[in-house]
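Below is one structure, written out as structure tokens; the observations come after it.
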Protein chains: 2
Amino acid sequence: MSQEIPYKIYLSEDEIPTQWYNLRADMKKKPAPLINPATLKPLTAEELSVVFCKELVDQELDENTAFVDIPEEIRNFYKMYRPSPVVRAYCLEKYLDTPAEIYYKFEGNNTSGSHKLNSAIAQAYYAKKQGLKGVTTETGAGQWGTALSMASAYLGLDCKVYMVKCSYEQKPFRREVMRTYGATVTPSPSNTTEIGRKILAEFPGTTGSLGCAISEAVEVATSTEGYRYVLGSVLNQVLLHQSVIGLEAKKALDKYGIKPDMIIGCAGGGSNLGGLIAPFMREKLRGENDYRIIAVEPASCPSFTRGKYAYDFCDTGKICPLAKMYTLGSGFIPSASHAGGLRFHGMCPTLSELYDQGMMEAVAVEQTSVFEAATMFARVEGLLPAPESSHAIRVAIDEALKCKQTGEKKKILFGLTGTGYFDLVAYQKYNDGEMGDYIPTDEDIQKGWASMPKVDL
Amino acid sequence: MSQEIPYKIYLSEDEIPTQWYNLRADMKKKPAPLINPATLKPLTAEELSVVFCKELVDQELDENTAFVDIPEEIRNFYKMYRPSPVVRAYCLEKYLDTPAEIYYKFEGNNTSGSHKLNSAIAQAYYAKKQGLKGVTTETGAGQWGTALSMASAYLGLDCKVYMVKCSYEQKPFRREVMRTYGATVTPSPSNTTEIGRKILAEFPGTTGSLGCAISEAVEVATSTEGYRYVLGSVLNQVLLHQSVIGLEAKKALDKYGIKPDMIIGCAGGGSNLGGLIAPFMREKLRGENDYRIIAVEPASCPSFTRGKYAYDFCDTGKICPLAKMYTLGSGFIPSASHAGGLRFHGMCPTLSELYDQGMMEAVAVEQTSVFEAATMFARVEGLLPAPESSHAIRVAIDEALKCKQTGEKKKILFGLTGTGYFDLVAYQKYNDGEMGDYIPTDEDIQKGWASMPKVDL
């Protein structure tokens, strides 16, 4: 095709996918199941349904159905901010003077500021459908909590968010967005839960952790009539919902006959990357097409590139199921980098299995080089990217610069998961030349691994 | 037409207008000219070109050319974030249970967070074209400064922003966005200018004002080789550039055969309102069509509804030209409301003249009712609106509720100028029940008028 490619490729609203795609259906070797840490056996639907609502449990466990219908109510919600555009980064290409074509799928055009809303509305919808009163969750940086607050407000569902105390204090604006959407935001650890009170007694001055906030949110969900717990990443159900990113991206590119040579996404728990690559990985798994697929992680929390593939706890509190994944160990404490959304010691089991099968690559990048890329991108493309998303920008720029060396006209697609409007403390550090890089030593990682389960699974 | 109206009506990129529309061309009685306060005569192009770059002076003074070509470079920049969508507020309609149809033109999908970018890129472009090194400006709330920083970064132009000191300190994130885009941000008053030093000597603890920041920015522009001053509202050139909002909105609505019964926009200096209504007002001026046009202003700064139509200073420092406009007097000090973008004592002369001719209405609304509307809108439509934009939302909701009473299926179009991501201190006040309303007394306004020019013009 030779038609001119616009700056932004928008699908029409009736082109929003009518089905999500379940990556596991096309995997010959499936990801290992979640394990109950008490019984050491795969978790049953019954066990899971104490924590999650029923339809989500089914989605979590179903590894064979390839396409799952998106309920009309969810599609209508999607229409408020989707389809999201695939943007041709003409200005960046020109600035880099590269023969490469750079495209990005931009998921930041909604008030939550990221792709998290795609799964938040789905999870809230199924909770509402089950007749529940509300949902609980934890949030660190705040994107997920914001997304869930928005979805809950829309459906008239109560929403209780446990926000890591240091974030609660350092990010009062994120907290205020959630409150504006009617959510109750509690700094964690709190005295509203048994586990919170216990932690507070043990560590009086603690500023909290994601692991602790998860524990509190799960406790409230399982001990309160009419509530369930929801989660923004790692799980298969989240990857399923996020496949809308990749399905839209592929449809938009197909319209102009564009086949990307490589697909690049940042990876924390895997929700964005898993969603973005879904339809491309499908073709790769089925041997229909080949793509380079690159996960980008922070050098400060390098689960793929320096982790081991083994069963581990998903949370530091060790109350969640065991998952087989690339992990730095549930005892690993990531340094205080500014990409809060990427500070998870493990990785979603499905992506871990695909990585183990050699279906994708991974690269770790340092924080200052990420902000250098972010600033360059902002100035030429106009958009101020989130620190998480900027990991993908860094590698996209590096690949485009390689093309400049070789003269290759490669087509690069990356995921721009969100905006950096609530991350300006980080930008300020960078602007003031006060940002550092934090690379864990081998000893740090050994220490993280020491707290992994001792049983042989 | 009976085709289904989508949630968001997007034009394609080649439907971005190729020309701006100059409202004055179709006014039989033109707005009164700007007056040189020294000579008391209309300002000449020569006098203006010391402050503004040449092509912008021409645009400022040309009241006869109806359509002005948009240079291709500016259209290419527009393509990074335009066309902006016309959104059908289906969810708000349902929530209000109104037979009215509500549409809004959303200008917040860019990093500056508002429509200000439409004129910033135009003004920066002409400065660059004239071979200038840089531009200077002032900013209060920060939207305009951010927009100009983005445009300047894109064109490789130096950008010096004088930011009202209290905003500089209270809104460090806005400041940081500007710095990320390479702008120099100086708290005003500063010791970098003569007038700043004078004010600091006279009022050592002052936290600054917009009037003072304007004075500093103008002083730097006129005393530095290769610099000119640029402004985000009030001027005719700004209204010209902002006409892109209305032209796109009208084209999008026309596609679906939608003729709005009323068009509602918030009004501070008039940049958004003047842009939004431009093509509709054209038809009204030419007697081709009729529309209700409603300006919404804060009750705390009610230029239209309680001001007088007379020549006044545009700034409190009295260094700018005299303009004939609806004004509360250059000595009027608006209370510290949270809609910083609407705290201007006067109003753009063109809109003032149209209002005086009875071509539009105006209504003043109180801050707490504005935030009530903003919160309702956020919860059902997903988007967190800027306080300024929420003035228009308040009146759109009120009009939709009137339709519910009468059963009329009116079509309402309003301008959603931007997002509230940097206004969360205000939302927090509202969420905490600590927000008040501030309505000036007649004495306050008399006091403001006392500092108007004494001469008869």
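Order of the sequence lines sets the chain letters (A, B, ...), proteins ahead of strands, with each chain counted from 1. Computed from heavy atoms alone, side chains included, the values below leave out hydrogens, waters and symmetry copies.
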For A/T111 and B/T419: C-alpha separation, side-chain torsions, deciding distance, then whether side-chain contact (heavy atoms from CB on, under 4.5 Å) applies. CA-CA 8 Å; A/T111 290; B/T419 49; 5.7 Å; no

Of B/A89, B/A378, B/S12, the largest count of non-hydrogen pairs under 4.5 angstrom with chain A goes to B/A378

Are any non-hydrogen side-chain atoms of B/L384 and A/Y181 less than 4.5 angstrom apart? yes

Judged by atom type as modelled, is there a donor-acceptor pair below 3.5 Å linking the side chain of B/K8 to the main-chain atoms of A/K79? yes

Return the minimal non-hydrogen interatomic distance between A/R179 and B/N431, and the atom names on each side. NH2-O, 3.7 Å

Side chain, backbone, both or neither: which part of B/D432 has a non-hydrogen atom closer than 4.5 Å to chain A? both

When B/Y427, B/F173, B/Y421 are each screened for side chain to side chain contact (heavy atoms under 4.5 Å, CB included) with A/F173, the one that passes is B/F173

Which atoms of A/N76 are under 4.5 Å from chain B, going by heavy atoms: the side chain, the backbone, both sets, or neither? both

Quick check on A/V380 against chain B: is it the side chain, the backbone, both or neither that has a heavy atom closer than 4.5 Å? backbone

Contact class of B/V425 relative to chain A, heavy atoms under 4.5 angstrom: both

Treating B/T375 as the side-chain partner and A/T180 as the backbone partner, does any N or O pair qualify as donor plus acceptor under 3.5 Å? no

Which heavy-atom pair separates A/G382 from B/M150 by the least distance, and what is that distance? O-CE, 3.0 Å

Compute whether any side-chain donor of one residue and acceptor of the other, for B/Y10 and A/Y10, lie under 3.5 angstrom apart. yes

Taking all heavy atoms of B/Y154 and all of A/C91, pick out the closest pair and write down the distance. CE1-SG, 3.7 Å

Between A/F422 and B/L424, does a side-chain contact (heavy atoms from CB on, under 4.5 Å) hold up when you go through it step by step? CA-CA 11 Å; A/F422 293 91; B/L424 285 153; 3.4 Å; yes

In terms of heavy-atom pairs under 4.5 Å with chain B, the winner among A/R174, A/E381, A/Q428 is A/Q428

Using a 3.5 Å distance criterion without hydrogens, assess whether the side chain of A/R379 forms a donor-acceptor pair with backbone atoms of B/S152. no

By a 4.5 Å heavy-atom criterion (distance strictly below it), what part of B/R175 contacts chain A: side chain, backbone, both, or neither? side chain

Residue A/Y95 excluded, over 12 heavy atoms near OH under 6.0 Å: no

Cut-off 4.5 Å, heavy atoms of chain A, and the answer for B/E13 is side chain

